[in-house]
Structures are given as structure tokens and as C-alpha cells.
Amino acid sequence: MLDFAIFAITFLLALVGAVLYLYPASRQASGIPGITPTEEKDGNLPDIVNSGSLHEFLVNLHERYGPVVSFWFGSRLVVSLGTVDVLKQHINPNKTLDPFETMLKSLLRYQSGGGSASENHMRKKLYENGVTNSLQSNFALLLKLSEELLDKWLSYPEHQHVPLSQHMLGFAMKSVTQMVMGSTFEDDQEVIRFQKNHGTVWSEIGKGYLDGSLDKSTTRKKQYEDALMQLESILKKIIKERKGRNFGQHIFVDSLVQGNLNDEQIIEDSMIFSLAGCIITAKLCTWAICFLTTCEEVQKKLYEEINQVLGNGPVTPEKIEQLRYCRHVLCETVRTAKLTPVSAQLQDIEGKIDQFIIPRETLVLYALGVVLQDPNVWPSPYKFDPDRFDDELARKTFSSLGFSGTQECPELRFAYMVTTVLLSVLVKRLHLLSVEGQVIETKYELVTSSREEAWITVSKRD
């Protein structure tokens with residue numbers, strides 16, 4: 001089965017198909033190194049399928065042909081960039097449309113984008129402020145949810161296996177739903193209903209549209225449409241409730257309601273943040289804990305920092321910001337797990353990367369999973385080593401790729417804060433331990449996950 005990222009490219013190409021037909025793609029690929037189509041109709045899709053995922057296909061392609069490579073999606077040219085140097089030549093930090101959010105809106109067939117540059121800038125600022133304000137206003141809630149999970153794990157008998165992926169998804173769902181949509185989701189049954197609908201939508205936009213099976217199955221299509229309708233119905237109800245009223249708890253939706261957005265735009269942006277925020281947060285929490293269970297020295301150093309910074313007093317946002325080593329742990333988690341291995345941009349105008357001309361309307365992939373494990377940039381790239389971020393150059397490189405600093409996507413910024421609070425609570429009281437003999441296989445999609453459940457055990461610290 002082709003993965004979510006592959007489908008995203010297919011869908012993006014479909015969106016610009018009318019324009020692309022005016023600019024027929026040459027099979028010479030503008031002189032860019034790469035592979036010729038395996039099939040006339042599908043291009044190199046069979047090669048991607050045989051590789052297992054788009055990320056693994058790009059790893060092989062860049063190993064063979066270098067930092068700038070080309071392949072074919074049907075009859076259309078795709079260019080992939082696979083080193084820091086060539087990415088820096090292409091990334092535009094002033095773009096107002098985030099590629100991750102834009103891709104999800106396309107997959108959900110949302111149509112309210114495409115405004116003027118000033119309108120897009122304003123909408124982006126409202127979105128970013130919504131994340132910032134909801135984190136500031138709901139810090140106590142984050143702490144409460146983290147402590148509830150700690151209490152649950154403390155109640156387990158020694159050596160009991162904990163289903164980490166399942167628990168982290170549940171924790172992320174509780175955090176995101178309450179911070180996006182408010183106190184309605186203090187009710188666990190509401191969270192469970194949301195999680196069910198969320199899972200249906202996330203799954204189907206990744207596979208159902210891809211293989212055409214969704215349109216062929218009346219039952220599945222109805223389930224998907226019902227799930228999406230229920231999610232949107234919840235958002236409509238909450239938007240109506242929040243308009244013109246003041247609440248003690250500031251949530252993400254409030255920032256959008258108070259801005260100059262219409263209901264359709266508010267629903268779309270809230271849906272995107274709910275979908276992406278849940279998944280990115282859940283997977284960052286999962287991978288961070290997985291790596292800590294297998295790296296005793298890293299966990300020990302993190303424990304020491306948490307004790308030193310937090311002491312015996314209350315956990316506060318100011319103290320959380322001081323957990324410098326914890327931030328390095330999370331950056332190294334994103335890098336080692338290749339949390340978001342592929343991103344994409346549509347070439348607005350004809351451009352040049354090194355000596356290669358990139359034609360207008362070419363789909364350009366950022367092979368981030370390749371770049372994040374480039375041994376020329378990251379010494380011992382397969383080693384989990386948070387200390388590498390002591391180096392200012394490493395931090396600057398990571399930031400330039402959009403994983404930290406001013407260019408990081410709002411969903412990842414949210415995930416960093418939520419995961420930091422969770423780790424500060426868990427690691428202070430618990431040893432996080434791996435299950436002997438467990439091998440965690442990686443599943444590369446839009447957001448990287450473990451192929452099967454990741455199990456851990458915990459024990460109380462003395």
C-alpha cells in the first residue's frame with residue numbers, strides 16, 4: 001500500500017493539473033539526475049511501492065544520484081532536495097502558507113485558502129497566536145493531565161508492560177481537544193468519540209482516496225463522511241458558543257473567533273490543528289520515551305536537569321523554559337525518528353538549485369528524512385545523542401530546516417511544550433525502561449510512527 005505522503009503528492013499534482021498541462025514535462029527532467037519512468041502511466045510509482053515508503057525510496061535515490069534528484073509521478077516531473085545546502089537555496093522563510101497545513105487542507109478538500117498575501121499573513125498570525133495563547137492559558141491543564149498519567153503508571157505493578165503508543169495517543173487527544181475546543185472534552189466519553197472520528201478521517205485521507213477504494217465502498221465512504229461531519233459539527237457548535245462571550249479558559253478557537261475570519265475558515269484551521277496537533281504530539285511523546293528507555297545515560301542526565309531546575313517547588317512555565325537539555329532531547333528525537341520525513345512545495349516561478357533549472361509548477365520535495373541523517377552534517381547520524389545540540393551550528397541547521405526557532409510549524413511548537421511538561425512529570429518520579437527483546441520497526445508516513453505497539457515498563461524512583 002502506498003503511504004500517506006505519496007498520496008499527498010498525487011493530490012497536489014491533481015490540484016495543479018490544469019496548469020501543468022500548459023507546461024508539458026520533458027522526459028529529460030531539465031538535466032536533473034534521476035531515474036526514467038518505470039511505467040508510462042504511473043511513472044516511478046511502482047519503484048516507490050517496492051521501496052516500502054516514499055522516504056525509503058528517496059534515501060535510495062539520493063544515495064545513487066546526489067543531492068538534487070528527479071523522478072516521475074505519472075507523466076509529471078518531481079524534484080527532491082536531499083542536503084542542507086540545496087534546501088537552504090530553496091526554502092523561503094517568508095512564505096505565509098505552511099506546506100504541512102496546506103497539504104492537509106488539500107487532502108480534506110478545503111477551499112477557503114488562496115487569499116492575498118496580506119490575508120494569508122494575517123491568517124497565519126492568528127493561527128500561531130492561537131497556539132501560543134492556548135499553551136499559556138492552559139499550562140495548569142497540561143500539568144494536570146500529565147500528573148493523571150503519572151498516577152496511572154504509578155499504580156501499575158512492577159514489570160507490567162505499558163502500551164506506550166496507545167497511552168500517548170490518548171494523552172495527546174485529551175490535551176489537544178481541551179486546548180482547542182474547551183471544557184466539553186473534560187468528559188472522557190467525548191474524547192473517545194472524537195478519537196474514533198479523528199482516526200477514521202486520518203486513516204481515510206491517507207489510504208481511501210489513494211487507492212480509489214473509498215469511492216468504491218459505499219459503507220466506508222459514508223463512515224468517513226459521517227466522521228468528518230461529526231468533527232465539523234462539534235467545531236460549529238463550539239464556535240457559536242464562544243462568539244461574543246468571555247471565558248476563563250482561553251482556547252485555540254477563541255483566537256480565531258476574535259480575528260477577522262469567517263466560520264468556514266475557523267472550522268478549517270481548527271480541524272487542521274486538531275488533526276495534525278494530535279498526531280505530531282502523540283508521536284513525539286512516544287519516540288522521546290522510546291529513546292529514553294534505551295539510553296540510560298540520557299535519561300539520567302535529563303532526570304538531573306529536571307531535579308535541578310524544578311526542585312521541590314511547583315512546575316511553572318518559566319521553569320519549563322529553562323529545561324535546555326530536555327529541549328535537546330526532543331530535537332534529537334525529531335532528528336533520529338525522522339518525525340516528518342518529507343515536506344513539499346510547488347515551484348512558483350522557474351528557479352535554480354546549484355546548476356540545475358527547476359521549471360515553474362514543478363513539485364519540489366524536501367527529503368528531510370535524508371537530510372536529518374546525513375553524516376556530513378550529523379556525526380554518527382544513527383546514534384541518539386542530544387549533546388550534539390550543544391553545538392550552535394547544529395542548532396542553526398536544525399532551525400533552518402523548520403524544526404525549531406522562528407520557522408518551526410505551530411503544531412511542532414505545541415508538541416514540544418506538551419512533551420516537555422509530560423517528561424518533567426514522568427522522569428522526576430519514574431524510571432522508564434525498555435522491554436527486553438522488543439524490536440521497534442518504523443513506519444514512514446506523513447508523520448513517522450512505530451509499525452506495531454511500542455511497549456515499555458516503569459519503576460518508581462527511590
Side-chain angles (χ1 to χ4, degrees), residues 146 149-150 153-154 159 161-162 164-165 167-168 171 280-311 315 319-340 369 372-375 377-395 397-399 401 403-404 408 412 415-442 448-450 454-462:
S146 299
L149 184 64
L150 170 66
W153 286 8
L154 282 169
H159 308 303
H161 290 191
V162 178
L164 181 62
S165 302
H167 283 198
M168 292 303 98
F171 170 75
I280 291 176
T281 300
K283 300 314 175 187
L284 181 61
C285 289
T286 300
W287 284 116
I289 292 175
C290 277
F291 290 134
L292 288 174
T293 65
T294 58
C295 302
E296 188 175 333
E297 284 303 310
V298 173
Q299 188 174 164
K300 180 182 177 184
K301 189 171 178 179
L302 178 59
Y303 170 72
E304 290 170 351
E305 180 186 65
I306 289 169
N307 260 355
Q308 180 183 351
V309 173
L310 301 185
V315 181
K319 288 182 178 179
I320 288 294
E321 290 292 337
Q322 296 172 34
L323 294 174
R324 182 170 178 269
Y325 184 69
C326 186
R327 182 55 181 253
H328 291 180
V329 168
L330 297 184
C331 288
E332 182 66 346
T333 296
V334 169
R335 191 200 67 81
T336 308
K338 304 173 286 292
L339 192 69
T340 53
L372 289 173
Q373 299 202 328
D374 182 348
V377 178
W378 315 99
S380 305
Y382 300 106
K383 179 184 179 183
F384 183 75
D385 180 17
D387 288 334
R388 72 173 78 245
F389 286 98
D390 286 337
D391 180 13
E392 185 180 359
L393 180 59
R395 295 196 301 273
T397 299
F398 200 66
S399 178
L401 298 174
F403 291 115
S404 66
E408 71 188 11
L412 185 57
Y416 279 141
M417 174 59 83
V418 174
T419 311
T420 301
V421 173
L422 179 64
L423 290 181
S424 72
V425 169
L426 295 180
V427 174
K428 189 175 177 65
R429 298 285 304 278
L430 293 170
H431 290 284
L432 306 173
L433 307 166
S434 61
V435 171
E436 188 175 350
Q438 178 180 222
V439 176
I440 298 178
E441 294 185 7
T442 305
T448 301
S449 63
S450 57
W455 298 90
I456 65 166
T457 62
V458 299
S459 66
K460 298 173 187 176
R461 291 189 183 272
D462 298 331

- Derivation of the side chain to side chain contact (heavy atoms under 4.5 Å, CB included) call for Val329 and Phe291: CA-CA 9 Å; Val329 168; Phe291 290 134; over 6 Å; no

task = Carefully, step by step, assess Thr340 and Leu412 under the rule side chain to side chain contact (heavy atoms under 4.5 Å, CB included).
result = CA-CA 10 Å; Thr340 53; Leu412 185 57; over 6 Å; no

- Task: I would like to know whether Thr397 and Trp378 meet side chain to side chain contact (heavy atoms under 4.5 Å, CB included); could you show each step before the answer?
- Result: CA-CA 10 Å; Thr397 299; Trp378 315 99; 4.0 Å; yes

- Message: For a side chain to side chain contact (heavy atoms under 4.5 Å, CB included) check, start with the C-alpha distance between Thr293 and Leu164, then their side-chain angles and the critical distance, and finish with the verdict.
- Response: CA-CA 11 Å; Thr293 65; Leu164 181 62; over 6 Å; no

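Gln373 places a side-chain N or O within 3.5 Å of a backbone atom of Thr336 that can act as its donor or acceptor partner. In this structure, Glu305 contributes its side chain and Tyr325 its backbone to a donor-acceptor pair below 3.5 Å. Between the side chain of Arg461 and the main chain of Val427, a donor-acceptor pair closer than 3.5 Å is present.
No side-chain heavy atom of His431 sits under 4.5 Å from any side-chain heavy atom of Asp462. Two residues are said to be in side-chain contact when any heavy atoms from C-beta on lie closer than 4.5 Å; Leu423 and Leu330 meet this criterion. Side-chain contact check for Cys326 versus Ser424: every heavy-atom pair is 4.5 Å or farther apart. The shortest distance between side-chain heavy atoms of Cys290 and Ile440 falls below 4.5 Å. By the 4.5 Å heavy-atom criterion applied to side chains, Tyr416 and Val334 are counted as neighbours. Annotation: side chain of Leu372 is in contact with side chain of Phe403 (closest heavy-atom distance under 4.5 Å). Here the side chains of Arg429 and Val425 are not in contact, with every heavy-atom distance at 4.5 Å or above. When side chains are defined from C-beta on, Ile289 counts as touching Leu426, because their heavy atoms get closer than 4.5 Å.
Nearest heavy atom pair, residue Lys301 against residue Asp387, reads NZ-OD1, 2.8 Å. Ser404 and Arg395 make their closest contact through OG-O, 4.2 Å (heavy atoms, listed as atom of the first residue, atom of the second, distance). The minimum heavy-atom distance linking Thr457 with Ser434 is given by the pair OG1-O, 4.2 Å. Closest approach of Thr448 and Lys338 over heavy atoms only: OG1-O, 2.6 Å. Of all heavy-atom pairs spanning Ser449 and Lys283, the tightest one is CB-CE, 3.7 Å. Across all non-hydrogen atoms, the minimal contact from Leu432 to Gln299 is N-OE1, 2.8 Å.
For the atom pair Ile320 CD1 and Leu310 CG, the distance stands at 5.5 Å (nearest 0.5 Å). For the atom pair Leu339 CG and Thr333 OG1, the distance stands at 9.0 Å (nearest 0.5 Å). Expressed to the nearest 0.5 Å, how far CG of Leu284 lies from OG1 of Thr419 amounts to 3.5 Å. Taking CH2 of Trp153 as the reference point, atom CG of Leu430 lies at 7.5 Å (rounded to 0.5 Å). Of the inter-residue distances, the one linking Phe398 atom CZ with Cys331 atom SG reads 4.5 Å to the nearest 0.5 angstrom.
Taking the six-membered ring for Trp and thresholds of 30 and 60 degrees, His328 and Phe389 have ring planes inclined between 30 and 60 degrees apart.
Heavy atoms of other residues, nucleotides or ligands lying less than 6.0 angstrom from CD of Glu296 number 12 at most. By the 6.0 Å contact criterion, CD on Gln308 is open, its count of non-hydrogen atoms from other residues, nucleotides or ligands being 12 or less.
Under the 4.0 Å criterion applied to side-chain N and carboxylate O atoms, Arg335 and Glu332 are assigned as salt-bridge partners.
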